[in-house]
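Each chain gets a letter, A, B and so on, in the order its sequence line appears, and its residues count up from 1.
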Amino acid sequence: MSYEPCEKYTDSALRFGDEDHYPERIVGEFLGEVVSNDWVNGEYKHMILKVHARALDSYAGQFFHLLCPSPDGAEVYMRRPMSIYRIDKAASQIEFLYKCEGRGTRGMGMLKEGDDFNLAGPLGKGFTLDPKWKNIVVLGRGVGLATLAPLSQLAAEKGVGITAILSARNPGVVMSKDLFEGFGATTIPVLDTDGTSDVANVEKILNGLIDEGKADAFFTCGSNRLLSLMKKVGKARGVPGQVAMEQIMVCGFGACYVCMRTFEIDGEKTLKRVCRDGPVFNMQEAVGW
Amino acid sequence: MVDLSVRIGDITLQNPITPASGAFSWEYNDVIDLNRLGGLVAKTICREPRLGNPTPRMAETEAGIIQSIGLPGKGIEYFVDHIVPEYARFKPPLIVSVSSENTEDFAALAEELSVPDVDVIEANISCPTRNATGGNFAMHEEHTKEVIGAIRAKTNKPLWVKLSPNAGDIVSIARAAEEAGADALCIANTFLSLKIRTDNFRPALGNKFGGLVSPALKPIVLRMVYQVAKVVKIPVIGIGGVTKAEDVVEYMLAGASAVGIGYAGFRNPTALITIIDDLAAWCDERGIKKVTDLIGAVKDDDMEMDTLVAASAGV
């Protein structure tokens, strides 16, 4: 027998158009309305949610904590952290790109147009763009690209040049090429199927971009192998970098200390909370996962 | 409008809703107005800085989560200098949870925490994941009596004692804590648990054992609160599986003067505020003027038959 979820305790979540009785808060619990939730390819779905205006006060690299419906008979107990894929302030919409893999994302995949979806956020420290940077390189794999998309949107708005290296298993799952190109990014797909995604080739591409003056900063998400590579090249060539990290979370606010990752700062190993100290960190301090 | 205020010894809470220690920190001010809570409960502090347990620290189960955090923190000096002021900005009383593995150190910590901005010391003698075996003071009457007596001798602050649901007879432990000078009892901590992954045959948590956090615990902890409240004179705070106002009512009927909430705040960050509002509405709808009228008001006077009699009577 499963525990019966209580409708009442989402009462203080804000819907689109609701009056905000506590505007001092910087994080909200919201009820978004599903506008669409469609397959992008065989593995990934793209959800568009209409949300309260306050939820739009978010920026690249931040995340929302999602209360996913259950894909089976049992409750999905904890929220699932997910980085923002796109913010459309004009339409009051937030978008997520996700892989239907675990129980949370499979439940999320079942939501239909018009359904409510409870999300808390925006949470965490996102990407920062130094005004001195004229050109950046983003390197992502799989769903990590979803996290780098709003960064590219932000960079494009600031007139920063973007090279996006999109890593995937095969051409069928190279996502977001059009989206990144829409931001004026030069895209370089690299694939497992033709070997272009292997470390030696990506290293050559990164060094080439530095040589051409197109790499004032590095950004990555989604692959430990690519993080190690970008960290190595960045260190050797003096290119600063940021990485967006993932970890299993409970609270999302920095209270529970579940989502720890190891970092190395001035030779000392330490633990940081991905939810509040990150999820975006200095690439040179990240140890990976 | 109902009066939601409750007394825990010398301390008045504006309502009976407090966060459970470990599940809360001042950072929740980002999402809720902390001034509305009955009390603020800081994460358990230890003497030395601790990184905590290895990851993963949480695993989902069929009816909740098991977690093993290991009391991370920056140590008592940093806590008093930097964390206490973060809480002191808010109006509700500050309840500081503290833990040690050593009686003398425990008492000394309580003394050092007895600073003006701290309103209550919560002796967490029941953390199931502080060490790898799950052992703690609250598993034994004698250990409980000894450590609480030592703490009592070193602080005049109200002393709340957090008991373990893993002890065989929590009523005896509760009595021991009361006799040793506790001002209130927090019942209970998490249930010692284990999850094993079937894909790689390894325990799911980095620390192997964890504490179960779940709405499914409520009936078990409610039974413990009921049993303890019948025999002690000091107030009891019920902690386990509260997700809605009716759960608070249930705990109060069983004899609790207040509740602690962990899980519900994880799942819905605004849950504590919703529960306070709903509790007020629940009382108002029934013409209940003071929430304290609910404490121990369970109607069971005609049910004092023992189970053998009940069985033979076919009940």
Side-chain angles (χ1 to χ4, degrees), chain A residues 1-14 21-30 65 67 72-80 102-104 118-124 247-262 269-276 289, chain B residues 19 22-33 36 42-43 50-65 67-73 206 213-216 218 241 243-247 262-278 281-282:
Chain A
M1 198 176 80
S2 78
Y3 135 82
E4 194 176 322
C6 173
E7 291 294 325
K8 283 300 278 182
Y9 63 72
T10 58
D11 268 11
S12 28
L14 298 171
H21 296 289
Y22 182 47
E24 293 88 350
R25 64 183 153 189
I26 56 175
V27 178
E29 189 180 332
F30 302 101
H65 219 12
L67 191 55
D72 48 46
E75 189 89 0
V76 175
Y77 272 84
M78 281 299 111
R79 286 175 181 259
R80 300 299 195 259
R103 292 182 64 230
N118 185 305
L119 61 165
L123 292 161
Q247 179 59 294
I248 294 167
M249 286 184 194
V250 174
C251 75
F253 287 87
C256 73
Y257 286 72
V258 160
C259 64
M260 310 309 282
R261 288 277 183 209
T262 306
K269 287 227 165 84
T270 188
L271 294 176
K272 289 188 176 194
R273 299 166 294 183
V274 173
C275 72
R276 195 171 184 99
W289 58 86
Chain B
F24 175 78
S25 69
W26 57 270
E27 284 105 334
Y28 263 85
N29 190 52
D30 286 358
V31 66
I32 56 172
D33 183 357
R36 293 209 53 207
K43 284 178 82 70
R50 291 166 66 97
L51 286 175
N53 288 334
T55 58
R57 291 180 174 183
M58 185 277 281
E60 259 180 336
T61 70
E62 287 69 18
I65 59 170
Q67 47 90 13
S68 168
I69 311 297
L71 308 180
V213 179
S214 164
K218 194 189 68 181
T243 62
K244 57 189 186 294
E246 287 81 353
D247 299 338
Y263 166 83
F266 286 152
R267 188 171 162 88
N268 286 83
T270 55
L272 272 70
I273 302 300
T274 305
I275 292 170
I276 295 167
D277 290 343
D278 288 354
W282 190 93

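A:Arg273 is not listed as a side-chain neighbour of B:Pro72, based on a closest heavy-atom distance of 4.5 Å or more.
Both the backbone and the side chain of B:Asn29 come within contact range of chain A, each with at least one heavy atom under 4.5 Å from a heavy atom of that chain. Looking at A:Leu271, the atoms closer than 4.5 Å to chain B (heavy atoms on both sides) sit in the backbone and in the side chain alike. Interface residue B:Ile32: only backbone heavy atoms are found under 4.5 Å from chain A.
Between A:Tyr77 and B:Thr61, the shortest heavy-atom distance links the atoms CD1-O, 4.2 Å. Among all heavy-atom pairs drawn from B:Glu27 and A:Phe253, the shortest one is CB-O, 3.3 Å. Contact record, B:Asn268 with A:Glu29: ND2-OE2, 2.5 Å, taken as the closest heavy-atom pair. Residues B:Ile69 and A:Val258 share a closest heavy-atom pair of CD1-CG2, 3.3 Å.
Here CG of B:Asp30 is found 4.5 Å from CZ of A:Arg276. Values are rounded to the nearest 0.5 Å. Taken from SG in A:Cys259 to CZ in B:Arg57, the straight-line distance is 9.0 Å, to the nearest 0.5 Å. Rounding to the nearest 0.5 Å gives a distance of 7.5 Å between OG1 of B:Thr270 and CG of A:Asn118.
Highest contact tally toward chain A, considering only B:Gln67, B:Glu60, B:Met58, is held by B:Glu60 [criterion: heavy-atom pairs under 4.5 Å].
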